[in-house]
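Here the structure is laid out as structure tokens; the discussion comes afterwards.
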Amino acid sequence: MSSTNIHIVRENSDVEIYVEVKNSFAGAMNIWNSLNNKYDFRDSIFNRFEKTA
């Protein structure tokens, strides 16, 4: 199974691994959906991904 590392940038510009997400595709879609919720990209691609289980 694949995984994705989520990084954070600290106020002093240090970059650190925050968490490793298993199943990188689902993790990536969760990240993009979260970004869309925060910044409202107004792109129809982001409203087609919903949790199914």
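Screening residues 24-37 for salt bridge (Lys or Arg N to Asp or Glu O under 4.0 Å) gives no qualifying pairs among residues at least two apart or on separate chains.
Within the model, atoms CD1 of Ile31 and OG1 of Thr4 stand 6.0 Å from one another, a figure rounded to the nearest 0.5 Å. To the nearest 0.5 Å, the span separating OG on Ser3 from CD on Glu20 amounts to 4.0 Å. Here the CD-NE2 distance, from Glu16 to His7, works out to 10.0 Å after rounding to the nearest 0.5 Å.
Linking Ile, Leu, Val, Met, Phe, Trp and Tyr residues whenever their side-chain heavy atoms come within less than 4.5 Å leaves Val9 and Val19 in two separate clusters. Taken together through direct or relayed side-chain contacts under 4.5 Å among Ile, Leu, Val, Met, Phe, Trp and Tyr, Tyr39 and Trp32 form part of one hydrophobic cluster.
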Checklist entry - Which is it for Ile6 and Ile17 under the side-chain contact (heavy atoms from CB on, under 4.5 Å) test, yes or no, and what are the steps along the way? => result CA-CA 6 Å; Ile6 309 298; Ile17 294 176; over 6 Å; no
